[in-house]
Amino acid sequence: MKSRLFRSTACAIILLLAACDDKGGSAPADSTADTTAAFTAAADALSAKLKAGAPAASDPAVKAFEAESGKALQTLGTPPLPLRGFDSYEDLCGKTATLVAAYVNIGVDKAPEASKAELMNRNATRYLDQLFTPLLFSAHCSAAHMPFLEKDAGDDVAAKAAPLQQVRSGAYGQVSGLLQMAGDPSLDAARRRRIVDQLGADAANFAIILSPTQRQELGAGVDAVRATLPDADKAEADKVKAALAGAPCGPLCKM
């Protein structure tokens with residue numbers, strides 16, 4: 001179960017990035033760009049390692065990127081790691097999504113067609129330790145950019161409906177996948193708690209892109225997850241559901 005859910009979440013991240021990849025745009029350089037540079041350098045170093053196969057969990061490149069992802073979870077959207085519109089979307093969310101996809105697809109290109117899906121599932125389970133923090137950051141990164149996407153779309157949502165619908169599908173997939181992981185009893189309690197805590201922080205931003213029906217469906221998913229959580233974590237699940245239901249329904253929500 002865990003591997004299937006992890007694969008679906010990774011694919012959702014890739015879809016979300018691809019949906020916005022052609023929008024372009026730029027922003028002035030920021031005086032705190034060194035922090036972004038450290039993140040992208042760590043991502044590029046791990047990406048280079050992955051071209052030769054999966055490095056060991058103890059590999060310095062793996063540890064460096066996990067450390068950068070962990071820091072980024074705390075600093076994204078602040079001066080050390082500023083949001084820069086589509087530039088930061090690509091530099092931060094995009095590179096992380098690419099790395100997650102690289103892990104999930106190790107050896108898949110050489111596998112028989114009939115066994116590709118099973119191999120992807122095995123990879124997602126095998127490399128869970130390396131993937132978890134970057135995956136959590138990638139979802140957080142996507143959520144953090146949703147207010148920007150709504151501002152960029154403005155009143156011209158209809159003209160951008162196709163790519164925005166792809167973004168919506170990706171966002172829904174991310175939240176749904178993370179909820180399923182949080183409700184998976186085979187995942188350790190600490191990781192499940194981290195997922196619910198992060199969704200509590202990000203649900204209102206994700207809701208910007210989600211339709212009322214999708215919000216209701218995810219709210220039902222939260223209820224299912226809540227029933228599996230320790231009592232100490234149930235309040236955070238309630239926070240996720242309240243954020244999904246209570247976020248204003250603007251142009252992207254209504255499209």
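The shown structure was predicted, so the numbers you read here are calculated from the model rather than taken from an experiment. What's counted below: heavy atoms across the whole structure, side chains too, no hydrogens, waters or symmetry copies.
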Main-chain N/O of F148 paired to D152 side chain as donor or acceptor, under 3.5 Å: no
Under the ring pair (Phe, Tyr, Trp, His ring centres under 6.0 Å) test, residues paired with H145 that sit two or more places apart: Y89
Is E118 reaching over with its side chain to a backbone N or O of S115, donor-acceptor style, under 3.5 angstrom? no
Sorted by chain and number, sequence neighbours left out, side chain to side chain donor-acceptor pair (under 3.5 Å) with T228 holds for R192
Among pairs that include at least one residue of residues 226-255, which meet disulfide bond (SG atoms under 2.5 Å apart), considering only residues two or more places apart or in two chains? C249-C253
To the nearest 0.5 Å, tell me how far D109 CG sits from K116 NZ. 6.5 Å
What pairs of residues pass the salt bridge (charged side-chain N to carboxylate O under 4.0 Å, His left out) test when at least one of them lies in residues 212-230, not counting sequence neighbours? D223-K241, R226-D238
For the CD1 atom of I209 and the OG atom of S142, what is their distance to the nearest 0.5 Å? 11.0 Å
Rounded distance (nearest 0.5 Å) linking atom CG of L128 with atom CG of N123: 12.5 Å
Please lay out, stage by stage, how V222 and L199 fare under the test side chain to side chain contact (heavy atoms under 4.5 Å, CB included). CA-CA 10 Å; V222 174; L199 283 174; over 6 Å; no
Looking at Q214, is its backbone amide N or carbonyl O close enough to the side chain of S211 to form a donor-acceptor pair, meaning the two atoms are under 3.5 Å apart? yes
Steps toward side chain to side chain contact (heavy atoms under 4.5 Å, CB included) verdict (V225, V240): CA-CA 11 Å; V225 170; V240 176; over 6 Å; no
Working to the nearest 0.5 angstrom, can you tell me the gap between I106 CD1 and R122 CZ? 12.0 Å
Set of residues satisfying side chain to side chain donor-acceptor pair (under 3.5 Å) with respect to D233, sequence neighbours excluded: R193
Can you name the residues that form a side chain to side chain donor-acceptor pair (under 3.5 Å) with Q74, not counting sequence neighbours? none
Do Q180 and S176 have side-chain N/O donor and acceptor atoms under 3.5 Å apart? yes
Locate the shortest heavy-atom distance separating A171 from M146; write the atom from each residue and the value. CB-CE, 4.1 Å
Looking only at heavy atoms, what is the nearest atom pair of A57 and V62, with distance? O-CG1, 3.8 Å
Between F206 and A143, which heavy-atom pair has the shortest distance, and what is it? CE1-CB, 3.6 Å
Identify the two heavy atoms, one from A243 and one from A207, that lie closest to each other, and give their separation to 0.1 Å. O-CB, 4.3 Å
Which heavy atom of L179 sits nearest to which heavy atom of G221, and what is that distance? CD1-C, 4.3 Å
Can you tell me how far OG of S138 sits from CD of Q174, rounded to the nearest 0.5 angstrom? 6.0 Å
Please list, chain by chain and in numerical order, all residues satisfying salt bridge (charged side-chain N to carboxylate O under 4.0 Å, His left out) with K71, sequence neighbours excluded. E68
Which pairs, with at least one residue in residues 104-172 and sequence neighbours excluded, count as a disulfide bond (SG atoms under 2.5 Å apart)? C93-C141
Show me the side-chain donor-acceptor pairs of residues 37-50 shorter than 3.5 Å, one per line, residues at least two apart or across chains.
{"from": "T40", "atom 1": "OG1", "to": "T36", "atom 2": "O", "distance (Å)": "3.1"}
{"from": "T40", "atom 1": "OG1", "to": "A37", "atom 2": "O", "distance (Å)": "3.1"}
{"from": "D44", "atom 1": "OD1", "to": "K95", "atom 2": "NZ", "distance (Å)": "2.8"}
{"from": "K49", "atom 1": "NZ", "to": "D59", "atom 2": "OD1", "distance (Å)": "2.8"}
{"from": "K49", "atom 1": "NZ", "to": "D59", "atom 2": "OD2", "distance (Å)": "3.0"}

Report the residues that fulfil side chain to side chain donor-acceptor pair (under 3.5 Å) with D129, sequence neighbours left out, ordered by chain and then residue number. R191
Considering only residues two or more places apart or on different chains, which pairs with a residue in residues 133-142 satisfy salt bridge (charged side-chain N to carboxylate O under 4.0 Å, His left out)? none
For E150, give me all partners under side chain to side chain contact (heavy atoms under 4.5 Å, CB included), at least two apart in sequence or on another chain. I208, P251, L252
Backbone of M255 reached by a side-chain donor or acceptor of R168 within 3.5 Å: yes
Please lay out, stage by stage, how F65 and T96 fare under the test side chain to side chain contact (heavy atoms under 4.5 Å, CB included). CA-CA 9 Å; F65 187 65; T96 311; 4.0 Å; yes
Rounded to the nearest 0.5 Å, how far does CD of Q130 lie from OG of S69? 12.0 Å
As a quick check of understanding, evaluate side chain to side chain contact (heavy atoms under 4.5 Å, CB included) for D91 and R84, giving each step before the final call. CA-CA 9 Å; D91 292 343; R84 298 173 290 114; 2.7 Å; yes
